[in-house]
Amino acid sequence: MAELRSGRPLLLQGNEAIVEGALAAGCRFFAGYPITPATEISEMMAYRLPAVGGTYIQMEDEIASLGAVIGASLAGAKSMTATSGPGFSLMQENIGFACIAEVPCVIVNVMRGGPSTGLPTKPSQGDVMQARWGTHGDHPIIVLSVSTTRECFDITVKAFNLSEKYRTPVILLSDEVVAHTREKIQLPHPEEIEVIDRIKPNMPPEWYIPYEDNTRGVPPMAVFGDGYRYHVTGLVHDVRGFPTERADEIKAFLTRIHRKIYQNYFDIIMTEEEHVDDAEVIVITYGAVARSAKRAVREARKRGVKAGMIKLITLWPFPRQALEPHLKRVRAVLVPEMNFGQVSREVKRINQGMTRIEKMNRIDGQLITPDEILTRLLKL
Amino acid sequence: MAELTKLIHKYLRHAKKFPHVWCPGCGNGILLGSLIRAIDRTGFEKDDIVLVSGIGCSSRLPVYVDFNTLHTTHGRALTFATGVKLANPRLQVIVVMGDGDATSIGGNHFIHAARRNLNLTAIIVNNNIYGMTGGQYSPTTPYGSYSTTSPFGHIEHPFAIAELAVTAGASFVARGTVYHTNLLDELIEKAIYKRGFSVVEVISNCHTQFGRKNKMGGPIEMLKWMKETAVRVEKAEKLTEEELKDKFTIGILVDRELPVFTMEYEKIRQEAKKKVSA
């Protein structure tokens with residue numbers, strides 16, 4: 001069966017596991033444009049999607065790719081695109097559209113060194129802030145990160161689920177190291193995977209108010225062609241979806257699309273802790289660097305340093321509540337990143353003087369090694 | 001008149017969304033009339049029609065009609081339409097864009113959509129100017145004419161939109177005007193029926209911006225200008241180049257059978273189902 005390669009062990013790279021995860025989550029439409037180091041995702045999708053009745057299309061650029069993804073999602077298909085820095089920059093315009101029109105979709109950004117064409121074949125974590133603030137205007141967004149091949153599978157499924165549940169684009173940040181590292185993994189059986197689909201309206205079409213608020217803050221989403229003829233626009237709109245310039249309607253709309261993310265904060269934030277309970281120093285880390293940090297923390301423990309680590313899977317909304325209890329308690333925190341300090345800045349912002357935050361950065365296209373982190377940990 | 005009232009009640013969001021945003025005398029209203037008459041003749045259900053647009057005056061059109069309507073980002077309407085059509089080929093997808101929208105910011109999407117030959121209908125309203133932003137020159141502003149950003153006369157040469165679509169590989173290409181409404185109804189109807197990428201360029205008037213800056217008069221004078229300048233394709237064949245100078249042709253420029261993307265892709269699916277195993 002072409003649908004899911006579960007059950008037996010596989011040797012997969014991160015990019016391939018993202019494709020497996022997407023298919024398992026029900027993704028049936030992919031539009032993309034070739035770019036290193038994300039291309040394998042497109043190639044695999046071109047091969048796998050038609051066999052499961054889905055559609056792959058290579059568009060003329062990344063702007064078009066995300067446009068097609070949004071269109072397909074409105075017509076009922078779970079949709080995804082994958083790119084890297086330069087393409088991610090081009091997508092910002094339509095990410096904003098997906099936010100304001102509340103169209104579920106998943107955007108994978110396999111990070112490489114920047115700015116501009118930068119370092120096409122080298123890893124980086126330089127797009128954390130762009131993922132949060134890249135498109136103009138105040139907007140809600142969910143950003144997840146992955147550090148292992150297995151996570152590439154699991155978190156891609158999660159990305160689709162969150163996107164469908166909250167009617168929002170979800171950005172999945174990978175990086176060149178995670179994308180191209182081959183690891184042995186065993187994919188779960190389909191029945192073990194939780195797949196969430198968007199809620200569709202069940203009232204008669206004349207009663208359907210497409211953007212009406214409810215307790216969840218997420219209105220049911222009609223599919224084009226199902227008989228609920230409604231208007232979708234990138235303009236700020238009233239509850240019926242039509243453009244508005246009324247102050248009360250503008251405020252109500254923008255408040256709701258933010259509220260739907262923040263009131264479901266604990267459903268969205270995901271972190272992973274290791275040895276934190278008795279830790280005196282902790283490493284806050286994400287992506288490929290988390291792999292090095294894990295080794296460094298274990299090594300530090302062997303040398304008698306009570307080190308721990310918190311791996312961030314959800315980057316935005318920033319998992320403040322998961323970090324605060326530890327910041328209150330530990331002696332020092334190290335934030336190693338392959339950038340000049342994007343998450344460390346956020347950690348400092350929430351720290352408010354509770355503990356000492358040290359950043360650690362590499363911007364030379366190389367992965368931070370376990371030894372480097374260990375050396376810093378021993379000095380903390 | 002009774003016929004017209006019936007169409008208004010059937011297709012327009014008449015109770016909610018009027019008056020519209022367009023200037024009095026704007027060609028967009030005439031196009032809207034043509035579009036709903038053409039759709040009515042095709043007999044498609046309202047639920048099966050998706051009307052997609054970009055950004056600009058003409059792109060406000062979907063707000064007023066009772067279909068599945070999608071008002072996208074500037075220049076990107078065809079990319080959204082591509083996704084809608086591929087996810088559900090049963091839907092009849094019609095895209096309305098302006099000249100700046102389709103051939104400037106969306107120029108690349110336009111030629112690739114034509115080349116790809118997906119079964120979409122693109123209606124491009126060409127009024128030679130960016131109207132909504134206040135009259136800046138567009139890719140179809142003629143050489144020597146005036147706009148707010150060419151106060152001393154325009155020095156670039158315009159795109160011929162329909163001819164560009166022919167060269168880019170569209171299956172069906174036609175040009176009409178908002179003066180020749182019977183012809184326009186017919187061209188839009190044929191374009192919707194056509195399997196493959198179809199384009200209708202609609203020459204329209206922006207008397208508020210383009211007409212005013214170039215002393216072409218009001219809407220009536222501009223409609224007269226269309227009447228005098230347009231030559232039927234069939235008639236143009238018999239005329240010399242000299243006689244066709246400063247004229248444009250209207251009618252069907254090309255109507256050809258080319259493989260349609262969705263049907264080709266269905267073959268790929270069958271092939272993949274045989275070859276791809278886990």
Shortest non-hydrogen contact between [X] and [Y], atoms and distance:
| X | Y | value |
| --- | --- | --- |
| B:Leu70 | A:Leu74 | CD1-CD1, 3.6 Å |
| A:Gly71 | B:Val84 | O-CG2, 3.3 Å |
| A:Ala77 | B:Ala87 | CB-CB, 4.0 Å |
| B:Gly83 | A:Phe29 | CA-CZ, 4.1 Å |

With a 4.5 angstrom heavy-atom cut-off, could you sort out which part of [X] is near chain A: side chain, backbone, both or neither?
| X | answer |
| --- | --- |
| B:Arg13 | side chain |
| B:Val63 | both |
| B:Leu91 | side chain |
| B:Lys85 | neither |

Rounded distance [0.5 Å steps], [atom1] in [X] versus [atom2] in [Y]:
| X | Y | atom1 | atom2 | value |
| --- | --- | --- | --- | --- |
| B:Arg116 | A:Met59 | CZ | CE | 4.5 Å |
| A:Tyr228 | B:Asp47 | OH | CG | 10.5 Å |
| B:Thr79 | A:Asn94 | OG1 | CG | 6.0 Å |
| A:Tyr47 | B:Lys275 | OH | NZ | 9.0 Å |
| A:Glu60 | B:Thr82 | CD | OG1 | 7.0 Å |

Name the region of A:Asp61, side chain, backbone, both or neither, that has any atom closer than 4.5 Å to a heavy atom of chain B.
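Just its side chain gets close to chain B.
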When the 4.5 angstrom heavy-atom criterion is applied to A:Leu66 and chain B, the contacting part is neither
Flag the one option from A:Gly234, A:Ala31, A:Gly53 with the top tally of heavy-atom pairs under 4.5 Å to chain B.
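Highest number of heavy-atom pairs under 4.5 Å: A:Gly53.
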Between B:Asp66, B:Thr69, B:Asn68, which is the residue that forms a side-chain hydrogen bond (donor to acceptor under 3.5 Å, both in side chains) with A:Arg229?
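In the set B:Asp66, B:Thr69, B:Asn68, the residue that makes a side-chain hydrogen bond (donor to acceptor under 3.5 Å, both in side chains) with A:Arg229 is B:Asp66.
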So does B:Arg269 have more than 12 non-hydrogen atoms from other groups sitting under 6.0 Å from CZ?
yes
Is the shortest side-chain heavy-atom distance between B:Ile268 and A:Tyr56 below 4.5 Å?
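Contact flag for B:Ile268/A:Tyr56 side chains = no.
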So, does B:Arg76 use its side chain to make a donor-acceptor pair with the main chain of A:Ala64 at under 3.5 Å?
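No, B:Arg76 side chain to A:Ala64 backbone: no donor-acceptor pair under 3.5 Å.
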Hey, can you tell me if B:Phe80 and A:Phe97 have their rings parallel, tilted or perpendicular (30° and 60° cut-offs)?
perpendicular
